[in-house]
Structures are given as structure tokens and as C-alpha cells.
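Indexing begins at 1, ligand by ligand and atom by atom, following the structure's order.
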Amino acid sequence: MTITTLPAKPTTAIDPTRLLPAALRDDFPILQQTVHGDRPLVFLDNAASTQRPRQVIEVLRRVYERDYANVHRGIHTLSERSTEQYEDAREKAREFIGAQHAREIIFTSGTTASINLVARSWGDANVKAGDEILVTTMEHHSNLVPWQQLAERSGAVLKHVPITDDGLLILDTLDTLLTERTKIVAVASVSNVLGTINPVREIARRAHAAGAIVLVDAAQSVPHLPTNVQEFGADFLAFSGHKMLGPTGIGVLYGREELLDAMPPFLGGGSMINRVWDDRFTPAELPAKFEAGTPPIAPAIALGAAIDRLKLIGLDAVARHEHELVRYAYDRLREIEGLRILGPPPDHRAGLVSFTLPEPHAHDVAQLLDQQGIAVRAGHHCTWPLHDRLGITASTRASFYLYNTPAEVDLLVEVVAKIRDRFRPQGRKRRQ
Ligand code: PLP
């Protein structure tokens, strides 16, 4: 078994040519404020949810002020306008992730809803007692609990791909973990705690060779890295609008057409039917089959605007910018005595860094950072089993997006260093 401990590059200088223009930040009204008196807001909680630019807020306002009506139903001007924009957004989402057909794009309320849809609809129809479901130790509860529930309903066995101490998947274990009983492999493309970028394409290749299908939880990668479902070899892929400049309440499930076609509807109600009689119904075609009831119309249209914005900036440029920030943060945070960074070195991670200090507790670190205007996340980040594996109960996470700056990283490091100093055992204060 190969367990790689990778060396980190010992460099802390920022390369300004790899950063996005600072003026981008002006598009985000919420970032222009101070908190706790005169502290400029430093928003480093983007893995939980990002902020929205004016362009997205404007589209939401325009829809509600001018175009809004229910979609696919009314034969009137506003309904036609809303329907056209709603379907345009589907096309934008399709193109953004490289799907072949717009009917492979199902609008849901977010990643959690997308994964639950697959676990219920595909899972209940295809997974039987004794079958196996393969996840990894680093999954968010959203990509774990639905599979635990499916295992409980069906009598299937849930297995986990383990990780190294550095937070990398131990891929050699796939040799034994993938069997002819494996029905699905559900894996995050980027860990929301470790930042690890997982080799999804390789995992999909091996899963397919074993006869299993692959679901990619792309909540932390679609907003940050160029994504192509066909290159990934993903059979299903899920992501959320609110983590990529869009509104809450909207997300996407991509599914390969043959799979979606063969799946029974999950929720029943309006829109998802072709014909209804007293005692039965026939389902609608894709994608309506999986969009029962009134969908999140304005949020979907605004997600389209968020995608436009990201395309204009360029996902390659976003990834470069975040990589530069995370490398800088990683190198500088590592200099703080006793601070433990979770996950691999920067070359294997997306734009976030989680860490622990010997003292104080992660929640206190987050609270002390907040007093200086810095918003981070603390706790188990919906990855309880991962925290168990790492032998910790909580961590503090700083997560970056296209509007963050090196100066914000500097402030983060400076305040964390001061917190560390303040909570050092008596008599061991560091001299400045
Ligand atoms: N998967 C991962 C990796 C996540 O980071 C998150 C949210 O933090 C989710 C799933 C769930 O996303 P949502 O709450 O938008 O459904």
C-alpha cells in the first residue's frame, strides 16, 4: 500500500500576476461594510456559502419586478418570459459542466436534495440486500447520511475508502473495496474540510471497470475549478447555487440520460406527470419528471446570471487566484507554532484551509477572529466521521473565493498568531 506524504513548497511570496483584479470586489455590496465598529469585513466562510455580486442581485430584482410568473403553465406573456429564462438557465448550467443534453440537468434545491434524489429514486430501484455502496471517509454528511439511509432500507453494505494522515484518499484500497457487488461509488470532488482535490476521473474509471456507477458531490468544486462531467466520467453530479455566487434554494443534479430515464420519479405532484387518472399517472419526460411542483424560478434564473459572471471571469482564473491565496495561507499558517493544518499541501488542495490550535477551542478561535471582522467557520463542518478519523472534535476553516485578497490572508494569519500567543500556557509567552 502506498501512502504518500508530500513535501510542501517552502515559499511565501504572492505572485500578483496570478491574482484576479482587485476591482472585482467592488461588485459585491455586502463586502463593503465594517463589523464590530470599524473592522472591515473579511469574509472567509465561502465554503459554507459565498456572497452575490450586483449582477446576480440585479437579475433577481428584475425577475421579480418585471418577468415573474409560474413556469410551463400559463399561456401569457409573463409566464412565457419566466419559462424562457428558466430554461435558459438550465442551458447555462448544462454548458457550464459540459453535459450533453439540457434534459440531463435537474433543478433541485441544492446538493443535499440532489444526492437524496439519487439515493431514493435510483437507490431504491437498484440497490438490494447484500449490495455494496462505496463512499469515502472525507464525505460531507450530505453525501453520507442518504447512503446510510439507503443501506438501512435495502440491507446493502456501506463501505469507506480510507484516507492518509495527509488527507489523501488511499486509492490502492479500491483493489479490494470495489467488488462485483458494488453498485455505486459516491465521492466528493473536493473535500469541504481538507480541501483535497480527489482524482475523480481515476475513481470513475475504476468504478466503471467494476460495474458500478459514480456520483460526484461537486458542491466544493463546481464553484472553483473547471468541471466537465464527461471528462470526469460522472454518472451523477450534484452542486449548489449558493456556493457559486447564486441564490440559496437552487441546485443542480446532473444525471446521465439513460440512468435518469430509467429512474422512477422521486416526488409526486404537479409538473412531473404526463397524464393523471383517478388511480394512476404516467410520468413526464425529463427533466420535468424530477421537478415536481413549482420550482425555484427566480433562483434558477439568478443561478444562470451567476454562471454568466463566473464564465466572464473564467474558472481557470478563479482557480489560479484561489490557489495562490491558499498556498500563501498554508505557508504562513504553518509558521505558527502548534498549529495543525488538516489535509494535503497546496498542490493537492482547492482554496480552503482548516486547522486546529492546542488552545483555544475552534469555536473560540472563530469568535475571536470575528471580533477582528474575520468570518470563518468552526466545528465539525458536517464531517463528523472525518473529524473522528483525524482524532479531533472540531476545526477552524478559512475558505477563499474570487474576491479575497492576500491582505485578508495576512490579517487572518496575524490574528491567529495573536490568539495562539494569548492562549499559550503561562510562562511560555513568545517574545515579539
Ligand atoms: N457536499 C459538500 C462537499 C459540501 O461542502 C456541502 C455544503 O457545505 C454540501 C454537500 C451540502 O450542500 P447544500 O447544503 O447546499 O445542500
Side-chain angles (χ1 to χ4, degrees), residues 43-52 93 97 106-120 135-149 160-161 163 167 169 184-198 200 203 214-225 227 232 234 236-254 266 295-296 299-300 302-303 306 322 326 342-344 349-354 366 375-387 389 394-401:
F43 191 78
L44 302 180
D45 192 19
N46 295 289
S49 205
T50 63
Q51 300 299 348
R52 284 124 208 88
I97 59 166
I106 313 294
F107 281 133
T108 65
S109 64
T111 306
T112 304
S114 298
I115 297 172
N116 276 275
L117 192 164
V118 176
R120 287 275 171 182
V135 295
T136 83
T137 303
M138 66 171 80
E139 297 311 313
H140 188 282
H141 296 164
S142 288
N143 197 29
L144 177 60
V145 177
W147 306 115
Q148 293 174 341
Q149 291 174 309
H160 301 77
V161 181
I163 60 168
L169 291 177
I184 187 163
V185 179
V187 59
S189 37
V190 167
S191 156
N192 64 312
V193 173
L194 305 165
T196 314
I197 301 173
N198 286 324
V200 169
I203 294 167
V214 174
L215 177 140
V216 179
D217 172 354
Q220 297 294 348
S221 69
V222 166
H224 305 280
L225 305 166
T227 300
F232 269 2
F236 294 108
L237 180 134
F239 62 96
S240 301
H242 69 96
K243 293 184 194 286
M244 51 185 287
L245 309 181
T248 52
I250 181 72
V252 166
L253 171 67
Y254 158 80
F266 168 44
L303 172 62
E322 287 183 27
V326 83
L342 311 179
R349 71 163 68 217
L352 65 89
V353 55
S354 304
V376 295
R377 197 98 177 152
H380 55 61
H381 315 288
C382 299
T383 57
W384 216 313
L386 172 63
H387 278 67
R389 161 66 180 84
S395 56
T396 306
R397 178 183 71 191
S399 52
F400 308 111
Y401 210 20

Which residue supplies the protein heavy atom nearest to atom 4 (C) of ligand 1, what is that atom called, and how far is it? His140 CD2, 3.3 Å
His141 near ligand 1, heavy-atom distance under 4.0 Å? no
Atom indices of ligand 1, in the order listed, that fall short of 4.0 Å to a heavy atom of Gln220: 3 (C), 4 (C), 5 (O), 8 (O)
Which atoms of ligand 1 have any heavy atom of Asn192 under 4.0 Å away? 5 (O)
Where the closest heavy atom to atom 7 (C) of ligand 1 is concerned, which of Lys243, Arg377, His381 has it? Lys243
Which heavy atom of the protein is the closest neighbour of atom 14 (O) of ligand 1, given with residue, atom name and distance? Thr112 OG1, 3.7 Å
Just by distance, with hydrogens left out, do Ser189 and Ser221 show a side-chain donor and acceptor under 3.5 Å apart? yes
Among Thr227, Leu215, Asp217, side-chain contact (heavy atoms from CB on, under 4.5 Å) partner for Leu237: Thr227
Look at atom 10 (C) of ligand 1 and say which protein heavy atom is nearest, naming residue and atom and giving the distance to 0.1 Å. Asp217 OD2, 3.4 Å
Can you name the atoms of ligand 1, numbered from 1 with element, that are less than 4.0 Å from a heavy atom of Ser240? 12 (O), 13 (P), 15 (O), 16 (O)
Could you give the distance from CD1 (Ile203) to CZ (Phe232), rounded to the nearest 0.5 Å? 10.0 Å
Rounded at 0.5 Å granularity, tell me how far OH in Tyr254 sits from OG in Ser114. 13.5 Å
Does the N or O separation between His242 and ligand 1 drop below 3.5 Å for any pair? yes
From OG1 (Thr248) to NZ (Lys243), nearest 0.5 Å: 11.5 Å
Between ligand 1 and Asn143, can you find any atom pair, the residue atom being a heavy atom, that is separated by under 4.0 Å? no
So Leu44 and Phe400, do their side chains get closer than 4.5 Å, heavy atoms only? yes
Measuring from atom OG1 of Thr108 to atom CG of Asn116, what distance do you get when rounded to the nearest 0.5 angstrom? 10.0 Å
